[in-house]
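We number each residue from 1, following the sequence as shown.
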Amino acid sequence: EDSLEVLRAAYPYFSCELDITAALLDRLADIAYDAAIVGPLIYEPSRLPAFFDESFTVAAAYDGVAAAVKTAVDDILAKQATVRVLELGVRFGGLASRVATALGGHIKSRRCQYGATDLASTFLGDAAEVLDSRGLADVHLRRFDLEVDPAPQGLTATTYADVISM
């Protein structure tokens, strides 16, 4: 029996990681000759949405960040009426959806504003679809270039109590 299939059956939550492993094993001889092909295999565009939203290891990291942001926001809201949180690099919306879900009550009550940015407009469209499909339309998405002064882009850095990026 195929070892990867045994692993898939035993650990279904590692599906994304096992798909990447299978792709790497399929190209092992090529990788031995040119290790530079590993990056494109791992970050193949068709794998990215699932990797950044369904991967067990990425989800665990996102859940940890969401819990930490929730704790920080709770602490801030104990001392002031509102708080603004900004995410840099929203990509496909996986982290934004987890953080916005954790902050759901605060966002719905308008005590917390969650904004998410990305340099690539295509990622903003992907993130909007993910967030809308999960009922998280209150996340404010916008294009932002980290290498350019934030003020002309409509962002004032000092108005955000918590800035996150992964």
Side-chain angles (χ1 to χ4, degrees), residues 1-70 85-104 107 113-150 152-155 157 160 162-166:
E1 191 170 355
D2 184 339
S3 297
L4 277 176
E5 293 311 312
V6 170
L7 288 171
R8 283 181 206 282
Y11 306 102
Y13 40 86
F14 282 116
S15 175
C16 291
E17 290 84 346
L18 291 170
D19 288 345
I20 291 169
T21 302
L24 293 172
L25 290 173
D26 286 345
R27 301 283 305 273
L28 195 55
D30 297 329
I31 292 169
Y33 179 73
D34 181 9
I37 68 170
V38 170
L41 287 171
I42 291 173
Y43 297 107
E44 182 180 300
S46 65
R47 279 194 197 95
L48 288 180
F51 179 73
F52 283 115
D53 194 47
E54 300 166 15
S55 160
F56 181 77
T57 50
V58 172
Y62 286 173
D63 289 343
V65 170
V69 170
K70 170 91 168 62
V85 177
L86 180 66
E87 177 182 339
L88 303 173
V90 71
R91 287 181 292 271
F92 295 98
L95 177 61
S97 68
R98 284 173 173 80
V99 174
T101 297
L103 299 175
I107 292 171
Q113 182 186 56
Y114 189 88
T117 68
D118 208 291
L119 177 61
S121 297
T122 54
F123 282 143
L124 295 175
D126 294 336
E129 285 181 30
V130 168
L131 294 166
D132 287 345
S133 74
R134 296 176 184 171
L136 300 168
D138 289 332
V139 174
H140 304 279
L141 298 172
R142 70 181 322 147
R143 188 178 180 287
F144 178 67
D145 185 343
L146 193 59
E147 296 180 0
V148 176
D149 183 6
Q153 298 180 76
L155 292 177
Y160 291 93
D162 202 353
V163 177
I164 58 176
S165 180
M166 287 190 65

Verdict with supporting geometry, K70 and L103, side-chain contact (heavy atoms from CB on, under 4.5 Å): CA-CA 6 Å; K70 170 91 168 62; L103 299 175; 4.2 Å; yes

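- F56 is not listed as a side-chain neighbour of C16, based on a closest heavy-atom distance of 4.5 Å or more.
- Considering NE2 of H140 and CG of L131, their distance stands at 11.5 Å, rounded to 0.5 Å.
- Contact record, A102 with A66: CB-O, 4.0 Å, taken as the closest heavy-atom pair.
- Partners of D132 under the salt bridge (Lys or Arg N to Asp or Glu O under 4.0 Å) rule, at least two apart in sequence or in another chain, do not exist in this structure.
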Compile the donor-acceptor pairs under 3.5 Å between side chains in residues 35-44 and protein atoms, sequence neighbours left out, one pair per line.
unit_1	atom_1	unit_2	atom_2	d
E44	OE1	R47	NH1	3.3
E44	OE2	S46	OG	2.6

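- Contact detail for L88 and S165: the closest heavy-atom pair is O-OG, 3.2 Å.
- Annotation: the span from F144 atom CZ to L119 atom CG amounts to 10.0 Å, rounded to 0.5 Å.
- Between the side chain of S55 and the backbone N or O of F52, no donor-acceptor pair lies under 3.5 Å.
- Once rounded to the nearest 0.5 Å, the distance linking CG of L155 with CG of D145 reads 11.5 Å.
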Candidate pair L124 and V90, rule side-chain contact (heavy atoms from CB on, under 4.5 Å), full reasoning: CA-CA 7 Å; L124 295 175; V90 71; 3.9 Å; yes

Determine, step by step, whether R91 and D126 satisfy the side-chain contact (heavy atoms from CB on, under 4.5 Å) criterion, reporting the C-alpha distance in whole Å, the side-chain angles of both residues, the deciding distance to 0.1 Å, and the verdict. CA-CA 8 Å; R91 287 181 292 271; D126 294 336; over 6 Å; no

Which atom pairs, one a donor and one an acceptor, fall under 3.5 Å between side chains of residues 19-28 and the rest of the protein, sequence neighbours left out?
unit_1	atom_1	unit_2	atom_2	d
D19	OD1	R8	NH1	2.6
D19	OD1	R8	NH2	3.3
T21	OG1	E17	O	2.9
R27	NE	D30	OD2	2.6
R27	NH2	D30	OD2	3.4

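- Annotation: side chain of R143 is not in contact with side chain of T117 (no heavy-atom distance under 4.5 Å).
- Minimum interatomic distance between P12 and A9 (heavy atoms only, all atoms of both residues): CD-O, 3.7 Å.
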Residues V148, Q153; criterion side-chain contact (heavy atoms from CB on, under 4.5 Å); working and verdict: CA-CA 8 Å; V148 176; Q153 298 180 76; 3.5 Å; yes

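- Here the side chains of F14 and T57 are in contact, with some heavy-atom distance below 4.5 Å.
- Here the closest non-hydrogen pair linking Y11 and L18 is O-CD1, 4.3 Å.
- Between L95 and Y62, the shortest heavy-atom distance links the atoms N-CE1, 3.3 Å.
- For the side chain to side chain contact (heavy atoms under 4.5 Å, CB included) with E87, the qualifying choice from L141, I164, V139, V69 is I164, the only one to do so.
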